[in-house]
Amino acid sequence: MLPAPALLDDVVEQILLRFPPDEPACLVRACLVCKPWRLLLTGTAFLRSYRLFHGPPPMLGFLHRLYDEEPCVARFVPTAKAFRPARLDRRCWYALDGRHGRALFYDSEQKPAEFVVWDPVTDFQRRIPLPETPKSWNAAVLCTVEGCDHLDCHGDDPFLVAFVGTDKKEGIWITSACFYSSEASAWSDTTSVEHPDASIEMQPSVLSGNAVYFLCDPSTRILRCGFVGERELSVIDRPDVHGNTVALITAEDGTLGFAGVQESSIYFWSMELEADGAVAWLQYRVVDLGTLLPSRALMITPDVIGFAEGVHVIFVRTIVGLFTIELKSGRVRKVSSRGSVCTAIPYTSFCTPDRAIRQLPRPVRMQ
């Protein structure tokens with residue numbers, strides 16, 4: 001049996017492990033209690049246990065593009081209590097993607113224009129020169145650390161930016177991709193694929209397995225961009241349902257999917273591969289918005305404009321504002337009163353005391 005002081009320490013640690021990760025201020029305040037707690041809460045062993053205990057990093061906020069402001073503004077909207085990055089608004093920055101503790105922007109004010117990778121927790125920034133930009137293009141950011149569980153990814157760790165674009169040459173649509181490695185500080189050679197008629201849309205991508213997927217126009221097509229091995233490109237057809245207002249998602253098992261609204265319900269689809277390699281789509285869930293949102297929000301058909309990987313949160317834009325729906329719990333939150341949000345890009349990460357230690361005052365020595 002453990003001695004009383006050791007037993008008490010173990011109980012305290014088990015209690016602190018259960019502090020909610022979407023309320024990062026709780027652990028920061030606990031650091032101020034005494035020096036032993038501060039050492040515990042900033043120690044590698046506890047932080048690793050904390051992340052493993054809670055699983056996928058929580059959503060701390062989201063970036064959104066405003067189409068009623070000139071010049072364009074990328075705005076960070078915190079959803080976690082007491083979390084606020086150094087800056088909320090980025091003038092002339094265009095939010096493109098968010099994943100593995102980072103957000104990706106296109107800075108149109110810089111001449112020549114650049115990509116910016118930003119970590120809202122650490123305020124790390126890295127500027128990247130743009131490759132040659134075709135008629136339509138998009139980009140995604142992701143961690144490239146081999147074997148990483150993505151529970152503690154941050155901006156200064158190795159990352160990859162996948163850039164895809166489409167041009168029409170002599171009546172043939174050609175989509176190309178290249179990759180920027182933060183370790184090599186360089187873009188890779190280009191990979192290309194020909195297809196009948198699909199140009200890249202600047203809508204949020206989704207990561208599934210060893211590939212990033214992008215919506216195309218027409219939105220009945222999806223571009224698969226592999227980032228491992230040969231880094232092959234391919235175009236996938238999806239069912240022609242729910243018009244052009246769909247969002248890419250991942251199903252609960254991690255497979256590629258999409259979601260779209262019809263009347264007052266969200267329909268969820270997932271992709272399956274047949275034995276012969278053919279693609280099939282399965283509608284696996286329907287969510288009735290009439291039971292979740294106020295009736296006024298449904299006077300005009302809502303749109304799905306974002307999805308948070310890992311935590312399975314979907315963003316629904318309505319005429320009365322923007323709502324998030326946690327697909328596992330059914331919890332609904334109104335996160336913006338603006339109806340002019342064109343895209344929501346979630347930011348997920350653990351904001352633990354070790355990242356904020358320089359901002360913490362030293363514990364007061366008790367007399």
Side-chain angles (χ1 to χ4, degrees), residues 44 47-48 51-52 56-57 60 63 74 85-86 90 93-107 110 112-134 137-165 175-193 200 204-214 223-234 250 254 309-310 345-352 354-355 357-358:
T44 303
L47 294 172
R48 180 64 180 166
R51 290 187 287 265
L52 287 172
L60 299 181
L63 290 151
R90 303 280 178 167
W93 284 24
Y94 197 86
L96 297 172
D97 195 38
R99 185 176 295 106
H100 299 158
R102 306 167 182 87
L104 177 65
F105 301 85
Y106 169 71
D107 182 359
Q110 188 71 19
E114 296 176 322
F115 285 138
V116 183
V117 174
W118 175 50
D119 182 342
V121 170
T122 65
D123 203 32
F124 167 91
Q125 289 185 29
R126 179 159 177 174
R127 290 185 170 271
I128 301 170
L130 260 68
E132 184 178 349
T133 53
W137 58 268
N138 203 349
V141 63
L142 59 149
C143 168
T144 55
V145 177
E146 187 175 354
C148 182
D149 58 13
H150 307 306
L151 297 181
D152 192 30
C153 295
H154 284 280
D156 51 350
D157 298 323
F159 64 85
L160 192 76
V161 173
F163 178 86
V164 295
T175 292
S176 304
C178 58
F179 302 85
Y180 180 89
S181 166
S182 65
E183 293 177 290
S185 297
W187 289 96
S188 70
D189 294 334
T190 299
T191 303
S192 301
V193 63
I200 299 300
S205 63
V206 72
L207 173 67
S208 177
N210 292 328
V212 183
Y213 294 84
F214 298 87
L223 177 73
R224 181 189 186 276
C225 179
F227 57 84
V228 175
E230 296 297 323
R231 296 179 170 175
E232 295 179 347
L233 294 175
S234 58
T250 53
E309 301 167 12
I345 298 174
Y347 176 74
T348 60
S349 181
F350 283 101
C351 183
T352 46
D354 60 318
R355 299 290 176 181
I357 190 65
R358 293 175 183 174

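In this text, all values refer to a predicted model and were calculated from it rather than measured experimentally.
- At least one side-chain heavy atom of Cys148 sits under 4.5 Å from a side-chain heavy atom of Cys153.
- Residues that satisfy the side-chain hydrogen bond (donor to acceptor under 3.5 Å, both in side chains) test with Thr122, not counting sequence neighbours, are Asp119.
- In this structure, Leu96 CG and Ile345 CD1 are separated by 6.5 Å, a value rounded to the nearest 0.5 Å.
- Contact record, Leu63 with Ala103: CD1-CB, 3.5 Å, taken as the closest heavy-atom pair.
- Remark: the backbone N or O of Phe179 is paired with a side-chain donor or acceptor of Ser188 at under 3.5 angstrom.
- Residues Pro120 and Leu60 are not in side-chain contact: their nearest non-hydrogen atoms beyond the backbone lie 4.5 Å or more apart.
- With sequence neighbours left out, Tyr94 forms a ring-ring contact (aromatic ring centres under 6.0 Å, His included) with no residue at all.
- The CZ atom of Phe163 lies 6.0 Å from the SG atom of Cys178; values are rounded to the nearest 0.5 Å.
- Note: Cys225 SG to Asn210 CG = 11.5 Å, rounded to the nearest 0.5 Å.
- Between the CH2 atom of Trp118 and the CG atom of Leu104 there is a distance of 12.5 Å, given to the nearest 0.5 Å.
- Nearest heavy atoms, Val121 versus Ser349: CG2-OG, 3.9 Å.
- Residues that satisfy the ring-ring contact (aromatic ring centres under 6.0 Å, His included) test with Tyr106, not counting sequence neighbours, are Trp137.
- Contact between Phe214 and Ala140 at its shortest, heavy atoms only, is CZ-CB, 3.9 Å.
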task = Check the pair Leu207 / His100 against side chain to side chain contact (heavy atoms under 4.5 Å, CB included), numbers first and verdict last.
result = CA-CA 11 Å; Leu207 173 67; His100 299 158; 3.7 Å; yes
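- Partners of His154 under the ring-ring contact (aromatic ring centres under 6.0 Å, His included) rule, at least two apart in sequence or in another chain, do not exist in this structure.
- Evaluation of the salt bridge (charged side-chain N to carboxylate O under 4.0 Å, His left out) rule for Asp152 yields Arg51, Arg355 as partners, not counting sequence neighbours.
- With sequence neighbours left out, the salt bridge (charged side-chain N to carboxylate O under 4.0 Å, His left out) criterion links Glu114 to Arg127.
- Note that CD of Glu183 is 10.0 Å distant from CZ of Phe159, once rounded to the nearest 0.5 Å.
- With Ser208 contributing its side chain and Gly254 its backbone, the two residues share a donor-acceptor pair below 3.5 Å.
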inquiry  = Under the criterion side chain to side chain contact (heavy atoms under 4.5 Å, CB included), I'd like the reasoning laid out for Ser181 against Trp187: C-alpha separation, chi angles, the key distance, then a yes or no.
reply    = CA-CA 7 Å; Ser181 166; Trp187 289 96; over 6 Å; no
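- Not counting sequence neighbours, Ser234 has no partner by the side-chain hydrogen bond (donor to acceptor under 3.5 Å, both in side chains) test.
- Applying the ring-ring contact (aromatic ring centres under 6.0 Å, His included) rule to Trp93 yields the partners Phe105; only residues at least two apart in sequence or on another chain are considered.
- Checked against salt bridge (charged side-chain N to carboxylate O under 4.0 Å, His left out), Asp156 has no partners two or more places apart in sequence or in another chain.
- Residue pairs that meet the salt bridge (Lys or Arg N to Asp or Glu O under 4.0 Å) test with at least one member in residues 139-149, sequence neighbours left out, are Arg48-Asp149.
- When each of Val141, Val161, Leu142 is checked for a side chain to side chain contact (heavy atoms under 4.5 Å, CB included) with Arg102, only Val141 meets the rule.
- Judged by distance alone, the side chain of Tyr347 and the main-chain N or O of Gly101 form a donor-acceptor pair under 3.5 Å.
- Taking the side-chain hydrogen bond (donor to acceptor under 3.5 Å, both in side chains) definition, one finds that Thr175 meets it with Thr166, His195, sequence neighbours left out.
- The neighbour count for Gln125 CD, taken as heavy atoms of other residues, nucleotides or ligands under 6.0 Å away, is above 12.
- The side chain to side chain contact (heavy atoms under 4.5 Å, CB included) with Asn138 is formed by just one residue from the set Leu223, Val164, Val212; it is Val164.
- For Ser205, the side-chain hydrogen bond (donor to acceptor under 3.5 Å, both in side chains) partners are Asp97, Arg99, not counting sequence neighbours.
- Annotation: the span from Thr144 atom OG1 to Leu160 atom CG amounts to 6.0 Å, rounded to 0.5 Å.
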